[in-house]
Amino acid sequence: MGINGLLQQLKSISRQTHVSSYRGHKVAIDGYSWLHKGAYGCSRELCEGIWVDGYVRYFLSRIDMLLGNGVIPIVVFDGCRLPMKADEEESRRRNRREALERARAHAEAGNLTAATECYQRAVDIAPWMAKVVMEALREREVTCLVAPYEADAQMSYLALRNDVHAVLTEDSDMLAYGCPRVLYKLDRSGTGEEVVLKDLPLVRELNMAGFDHDMLLQMCILAGCDFLPNLAGVGIKKAHAMIRKHRDFVKVVRFLRFNGTSLPPGYEVRFQRTIWLFRHQRVYCPVTRALTHLRPLPPGGLAAADVLVLAALPTEGPERDALPFLGPPMEAEVAAGIAAGDLDPSTLQPFNLQAIYRGCAYPPRHLRALLLPPASATAAAAPALTATQGRASDGAGLSGSAGGGGGGSSSQSQGPHRNHHKHYNHHQFIMSQQPNNRHGRVPAVGKPPVPPNGRIDRYFFAPNPAVSQPFRAHAPPQRRGEAGRNGERVPGQQSPVGSRHGVHSNAG
DNA sequence: CGCTAGTCGTCAT
DNA sequence: CGACTAGCG
């Protein structure tokens with residue numbers, strides 16, 4: 001959804017922009033939008049658990065285009081699911097499942113065209129696919145970051161801190177989050193449409209005179225967003241008109257009720273929490289390596305300021321301080337493990353690289369040693385990729401595995417079958433809402449999860465680095481038949497990201 | 001006529 | 001997820 005119909009109203013302030021105008025700047029990229037597009041070309045394989053790297057090649061080609069224009073990409077992926085999104089996620093799952101059944105039926109009948117169409121509707125973008133892309137990006141020394149919750153909020157955080165100059169996405173939510181500069185609809189050549197938040201008063205489609213950010217935000221929510229569906233018959237225009245007239249949603253709701261409109265039960269509470277979610281959602285701070293808020297909570301807590309609907313604030317129980325609707329709190333170590341791409345955000349367990357790369361002929365160089373020996377548990381001396389050791393996949397060759405043997409994702413070929421372990425304790429009261437079980441797989445009672453140890457400072461970057469030195473343009477990406485294949489290196493692409501961020505410092 | 005609510009396409013050969 | 005369009009009010 002994003003914000004229903006918002007972008008159409010911003011045509012007058014959106015400017016055709018080429019990424020080369022960001023030369024030398026860091027730019028945050030919404031990883032899932034490229035992941036999603038890249039997955040269309042190989043949807044059947046992804047649905048059936050067959051190894052493919054088509055979506056990785058697509059992703060890398062986009063990254064190469066940015067690098068070729070001197071842009072420093074910071075790729076941001078979505079993390080854990082937010083409680084307020086649970087409803088819609090369930091219906092999407094159902095739709096995908098039905099599409100998959102139709103796809104298989106068509107394939108059985110020999111109708112490959114229809115099958116492909118259904119497969120494309122059935123593809124699910126799973127965290128392990130982001131992991132594969134992250135490992136490929138590691139070879140290019142491109143910085144990645146997995147948000148604790150929504151990538152949109154995380155990217156807005158980076159932009160508001162001036163860690164990145166702009167955000168590259170397809171999603172109109174960014175403006176509701178208050179992101180100052182967004183580039184939409186980027187094409188293969190590097191051209192997109194830039195929207196600058198400061199230009200908002202200049203919009204010709206809507207009269208935004210006298211609108212502050214709170215009013216803009218409430219207009220967006222009223223028009224319909226991911227966390228709160230719009231009221232029937234209310235789109236962006238009516239939302240604008242009503243906020244313009246009444247200035248806040250409580251007065252709008254009062255007016256609507258007075259007019260005889262009936263609203264869903266709990267609408268005001270949900271609305272208030274949605275406002276807070278856009279303003280204060282939990283994000284990851286790369287500096288403190290812990291959770292923080294997109295914007296600081298008011299001193300004294302949410303109750304102290306900005307409350308339009310008091311009932312939206314839990315007054316007792318564990319939720320009182322946890323404020324789980326902002327994204328349940330989590331230990332700094334867990335957040336850091338997720339952010340670094342070491343922990344699967346859907347299970348809070350380390351990724352099972354053996355399962356993910358099963359069927360991959362040419363895994364990234366830096367993973368080969370780790371992936372090769374299925375029998376010997378030599379992980380002790382192995383470097384950072386850490387806790388993944390010997391998460392035994394099949395009954396065969398159970399390896400000694402320090403700490404966490406509880407793994408059996410014994411199913412067949414792929415990562416798509418995530419392990420359903422028990423969650424970290426503090427997440428339970430929220431995460432357990434999610435019926436996390438697909439095919440009645442036995443969750444193999446696990447030992448306590450392996451904490452991500454030390455070395456998770458890869459992928460990170462310092463705050464407020466001077467974005468000054470210009471970049472040499474380098475040759476366009478290799479155009480050999482199998483360009484960008486796993487493990488091959490394209491010359492001239494070591495961006496200074498790694499070195500500056502102390503990440504994969506090229507040349508020690 | 002403006003506006004909202006559904007349907008289609010996203011890749012890449 | 002957005003773009004496009006039929007069809008509502």
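Residue numbers begin at 1 in each chain, while the letters A, B, ... track the order of the sequences. Quick caveat: nothing in here was measured; it's all calculated off a predicted structure. In what follows, every heavy atom counts, from backbone to side chain, and hydrogens, waters and symmetry copies are set aside.
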So does Y284(A) get a backbone contact from the side chain of Q154(A), meaning a donor-acceptor N/O pair under 3.5 Å? yes
For E117(A) and dC8(B), give me the distance from atom CD to atom P, rounded to whole Å. 8 Å
L10(A) CG to dA3(C) P, in whole Å, measures 11 Å
Among dA3(C), dA5(B), dT4(B), which nucleotide has an atom closest to any side-chain atom of L7(A)? dA3(C)
In whole angstroms, the gap separating P of dC3(B) from CG of L6(A) amounts to 15 Å
What nucleotide among dG9(B), dC3(B), dA12(B) has an atom nearest to a side-chain atom of R121(A)? dG9(B)
Of dC11(B), dC1(C), dA5(B), the nucleotide closest to the side chain of A232(A) is dA5(B)
Within the 4.0 Å heavy-atom criterion, would you say A39(A) contacts the bases, only the backbone, or no part of the nucleic acid? nothing
Testing the 3.5 Å rule here: is there a donor-acceptor pair between the side chains of D187(A) and S189(A)? yes
Can you confirm whether the side chains of Q281(A) and Y177(A) place a donor and an acceptor under 3.5 Å from each other? yes
What's the closest nucleotide to the side chain of K185(A) if the choices are dA5(B), dA3(C), dC11(B)? dA3(C)
Is the phosphate of dC3(B), meaning OP1 or OP2, less than 4.0 Å from a side-chain N or O of N4(A)? no
Taken to the nearest whole Å, OH/Y58(A) to C1'/dG9(B) is 13 Å
Less than 4.0 angstrom between a side-chain N/O of T169(A) and OP1 or OP2 of dC1(C), yes or no? no
Using ring centroids (six-membered ring only for Trp), state whether H240(A) and F211(A) fall under 6.0 Å. yes
side-chain N/O K237(A) vs dG2(B) OP1/OP2, d < 4.0 Å: no
How long is the line joining CD1 of I3(A) and C1' of dA3(C), in whole Å? 17 Å
Expressed in angstrom and rounded to an integer, what is the separation of R188(A) atom CZ from dT13(B) atom C1'? 11 Å
Base, sugar-phosphate, or nothing for G38(A), non-hydrogen atoms under 4.0 angstrom? nothing
Mind telling me whether F255(A) and H246(A) have parallel, tilted or perpendicular rings, with 30° and 60° as the class edges? tilted
I want to check one thing: is the phosphate of dA3(C), taken as OP1 and OP2, less than 4.0 Å away from some side-chain N or O of Q8(A)? yes
dA12(B) P sits how many Å from Y55(A) OH, rounded? 15 Å
Proximity to the side chain of N230(A) - top-ranked nucleotide from dT4(B), dG2(C), dA5(B): dA5(B)
Could you tell me the separation between the CG atom of L206(A) and the P atom of dG2(B), rounded to a whole number of Å? 14 Å
Among dC11(B), dG2(C), dC1(C), the one nearest any side-chain atom of D226(A) is dC1(C)
Please determine if a side-chain N or O atom of R92(A) lies less than 4.0 Å away from the OP1 or OP2 oxygen of dC1(C). yes
Chi angles and distances behind the side chain to side chain contact (heavy atoms under 4.5 Å, CB included) call for F278(A), C220(A): CA-CA 11 Å; F278(A) 275 114; C220(A) 289; over 6 Å; no
